[in-house]
2 protein chains.
Amino acid sequence: MPARVTTLKELAAQLGLSITTVSRALAGHEQIALKTRQRVTEAAHQAGYVPNTAARTLVSGRSGFVGMVLPIRGPNLVDSFLGEFVTGLGEGLVSHGSDLILAAAAQGQSELSVLRHVVESGRADGVVVTRIAEVDERLAYLRHRNFPFVAHGRLLDGDFAYHWLDTDGAHAFGEAFDMLYDLGHRHFGLVTISEPMTFRHLRQDGLAAAIARRGDPSVRLDVATAPRFDRGARIQAINRLLHATERPTAIVALFDELALTVMEEAGRAGLAIPRDLSVIGFDNIAASAYAPPGLTTFDASIRRCAREIGEMLLTVIGDRPDSPLTRLVRPTLVSRASHGPAPTGRN
Amino acid sequence: MPARVTTLKELAAQLGLSITTVSRALAGHEQIALKTRQRVTEAAHQAGYVPNTAARTLVSGRSGFVGMVLPIRGPNLVDSFLGEFVTGLGEGLVSHGSDLILAAAAQGQSELSVLRHVVESGRADGVVVTRIAEVDERLAYLRHRNFPFVAHGRLLDGDFAYHWLDTDGAHAFGEAFDMLYDLGHRHFGLVTISEPMTFRHLRQDGLAAAIARRGDPSVRLDVATAPRFDRGARIQAINRLLHATERPTAIVALFDELALTVMEEAGRAGLAIPRDLSVIGFDNIAASAYAPPGLTTFDASIRRCAREIGEMLLTVIGDRPDSPLTRLVRPTLVSRASHGPAPTGRN
DNA sequence: CGCGCCATTTAAAACGTTTGCAATTTCGCT
DNA sequence: AGCGAAATTGCAAACGTTTTAAATGGCGCG
């Protein structure tokens, strides 16, 4: 029946009350007589009244939205976590009735400009920023604007305070090293990317720190680097590692996609995993369970993290705490079949 | 510097013009002198002016948002397409500067109630509805409300007109049958789900139609059904198929996740793929490329479809066409190594 | 009976924008 | 210089809500 939306004015007219009273009754103000409150609530429910978001936002200055810039990459590249992340964020927000706004950046439009638009148009009360870069203009902007946000990931230098949640990649990579070392490995490979993302450093440093901690001079680490989205270069870098005169017996990859490529290329080179080569990844993407022989990796539980990020952001928006909320989540080892004892004979 | 947001009033004051003129100048109205328009545009750019969404929405009745209900399932179940879908949708919307609103349904809250809230709060100008059920209350509601929407998927009975885009599962399943038939297969298995989703019927009917078209009475089809998210039941159903006294030589799965389970269980039963059993899936999820020996499947190109859905929805919102926009996208066969000639000896 | 106090309700402004209509300015022409 | 039309600009209302400040009514008490 109702092709139109009910408004407060209509509801008030129907009830013979003023708009003010109806508004207050629905908000549950004590000052309105209980009987009236009940009567109004009942009528509102009856009429299927839903307050208009725009009007409410305009007057209150709060939109009830949380924003995020949608990472759009090349034609066939989809952020592999996006689904999980968005689901988790939704879970985190739903308790407060906040919705999520996803703003896409058009081709050639910087992510910053989209972020600015989201912030300055008043679309959102706070934003989530993911994939922190070494020098991150988004963070600089948000700080400067003093706009509520929570970062998924961290900057390297702690020169300004902000709210963040990060997975403890450093710890995981240390754990990977220790495990492999105890399995007899001494010659390691690290496959990483060349983009200036901070998680790259955090993880690599965690590995280096674990090596240093062990204090065994016979440990050797070779690093292969390639651009994140250049499959050719990636394969080339990996094969340099694989076909060196002295080949590592264990390769740790910055994340699963790289590890899967390592396994593929290893297979192509006639190396059996884990007999000839141990491989460990990070993230635990769906394919890792299926790729033979099953990739040992760390589960970053993106969904749970995103949920927590959502909750943190709601706190930040509501309470504006002046000391930063921070949270380091330790990823859990998912032990599958891609790692094992170091090969004993020569390679 | 600007911790506050610039408003039209401030801009007007600064320029010595009325709010009206500034508003019109920025909107590019011809009636405002060109020189003024330029001056205003320049000043607005300088000040980093971004119009307030809420105010604009309130007066224009258009929010510039497109809504979608975020499917939240059990703890570890994430809609495997969500990332791709959302990315595609974002791509489709970005040209018109529309953003995407994702509203999550809290535990125990029906998807319909969330949808109602999105629609009636005026948050969105149109919505996208995915995973159409046989009897879909969301579609019924939207029609009744006469609210712009585009469905990803179709109802079975065409009793009311609406805008949709669907992947032609019927065609794909027919194609799969034809291919397998030509490889000598006569005994088929279909693994499907018990939930009342329409795509289930469309695909199964496509398969049945292809069988009928062939007119070979020796063709046999066994169907195994299990609830979508009940892994145990799924495995059981598949194994009933696999361990029947007369086992199918080719199994077609409703979608890749099922096909992957079929391959796992086949491996567990000592069957070699594709020597002993051919398996074909649908969707082409990431894991399908990695799961040995590589799953033959159909690529639904979710991202491209979602993008088109976004574009369709913008058309619907803008033009309110009275004849329905419909689009059937033919999925493409991704031929990997999980299918082959029917085994010749007895099984 | 009148005063004041409390409980309850309401009028009106405000949020920032768009837009119908009216006012003002400019300019050509006589 | 003066007129009228065209070009340009501005006033004010409207969108639906929240909120401040004020009004109204009821009632006890002196």
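Note on naming: letters A, B, ... go to the chains in the order of the sequence lines (proteins, then strands), and numbering restarts at 1 for each one. Model, not experiment: these values are computed from the prediction.
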Report summary line: Residues pairing under salt bridge (Lys or Arg N to Asp or Glu O under 4.0 Å) where one sits in residues 86-98 of chain B, two or more places apart or in two chains, turn out to be B:Glu91-B:Arg303, B:Glu91-B:Arg307
Query raised in the report: Is the closest side-chain heavy-atom distance between A:Met68 and A:Leu82 below 4.5 Å?
Result: yes
**Report entry** Residues which pass side-chain hydrogen bond (donor to acceptor under 3.5 Å, both in side chains) with A:Thr315, listed by chain and number, not counting sequence neighbours
**Finding:** none
Show the atom names and distances, to 0.1 Å, of all donor-acceptor pairs under 3.5 Å that link a side chain in residues 14-23 of chain B to residues at least two apart or in another chain.
residue: B:Ser18; atom: OG; partner: B:Thr21; partner atom: N; Å: 3.2
residue: B:Ser18; atom: OG; partner: B:Thr21; partner atom: OG1; Å: 2.9

**Report entry** B:His163 side chain vs B:Leu325 backbone, donor-acceptor pair below 3.5 Å
**Finding:** yes
Query - By side-chain hydrogen bond (donor to acceptor under 3.5 Å, both in side chains) - contacts of A:Glu134 (at least two apart) - result: A:Arg200, A:His201
Query raised in the report: Considering residues at least two apart in sequence or located in another chain, which fulfil the side-chain hydrogen bond (donor to acceptor under 3.5 Å, both in side chains) criterion with A:Arg143?
Result: none
Sort me out a list of protein N/O and nucleotides 11-13 of chain D N/O pairs below 3.5 Å, or just none if empty.
residue: D:dC11; atom: N4; partner: B:Thr20; partner atom: OG1; Å: 2.6
residue: D:dA12; atom: N6; partner: B:Thr20; partner atom: OG1; Å: 3.2

List the atom pairs, donor and acceptor, that lie under 3.5 Å between side-chain atoms in residues 36-51 of chain B and the rest of the protein, sequence neighbours left out.
residue: B:Arg37; atom: NE; partner: B:Ile32; partner atom: O; Å: 3.0
residue: B:Arg37; atom: NH2; partner: B:Ile32; partner atom: O; Å: 3.4
residue: B:Thr41; atom: OG1; partner: B:Arg37; partner atom: O; Å: 2.6

Report summary line: Residues in residues 55-63 of chain A with a heavy atom under 4.0 Å of DNA chain D, by number, are A:Ala55, A:Arg56, A:Val59
Query raised in the report: End-to-end bend of the helix from C:dC1-D:dG30 to C:dT30-D:dA1 (five-pair axes, 10° rounding)?
Result: 70°
Query - Any residue of residues 25-37 of chain B with a heavy atom less than 4.0 Å from an atom of DNA chain D - result: B:Gln31, B:Ile32, B:Ala33, B:Thr36
Requested in this report: Check whether any side-chain N or O of A:Tyr49 sits under 4.0 Å from OP1 or OP2 of D:dG16, and answer yes or no.
Outcome: no
Report summary line: The complete set of ring pair (Phe, Tyr, Trp, His ring centres under 6.0 Å) pairs with one or both residues in residues 78-121 of chain B, sequence neighbours excluded, reads B:Phe85-B:His152
Query raised in the report: Can you check whether B:Thr21 has a side-chain N or O nearer than 4.0 Å to OP1 or OP2 of D:dG10?
Result: yes
Query raised in the report: Could you state the interatomic distance from CG (B:Asp99) to CG (B:Leu89), rounded to the nearest 0.5 Å?
Result: 11.0 Å
Query - Between A:Phe149 and A:Phe147, ring centroids under 6.0 Å - result: no
Report task. Would you confirm whether A:Asp136, through its side chain, and A:Arg138, through its main-chain N or O, come within 3.5 Å as a donor-acceptor pair? Result -> yes
**Report entry** Nearest-Å distance for atom pair NZ/P, residues B:Lys9 and C:dT18
**Finding:** 15 Å
Show me the side-chain donor-acceptor pairs of residues 59-67 of chain B shorter than 3.5 Å, one per line, residues at least two apart or across chains.
residue: B:Ser60; atom: OG; partner: B:Arg56; partner atom: O; Å: 2.8
residue: B:Ser60; atom: OG; partner: B:Arg62; partner atom: N; Å: 3.1
residue: B:Ser60; atom: OG; partner: B:Arg62; partner atom: O; Å: 3.3
residue: B:Arg62; atom: NH2; partner: B:Ile317; partner atom: O; Å: 3.1
residue: B:Ser63; atom: OG; partner: B:Phe65; partner atom: N; Å: 3.0
residue: B:Ser63; atom: OG; partner: B:Arg123; partner atom: O; Å: 2.9
residue: B:Ser63; atom: OG; partner: B:Asp125; partner atom: OD1; Å: 3.1

Query raised in the report: Rounded to the Å, how far apart are A:Asn52 CG and C:dC15 P?
Result: 18 Å
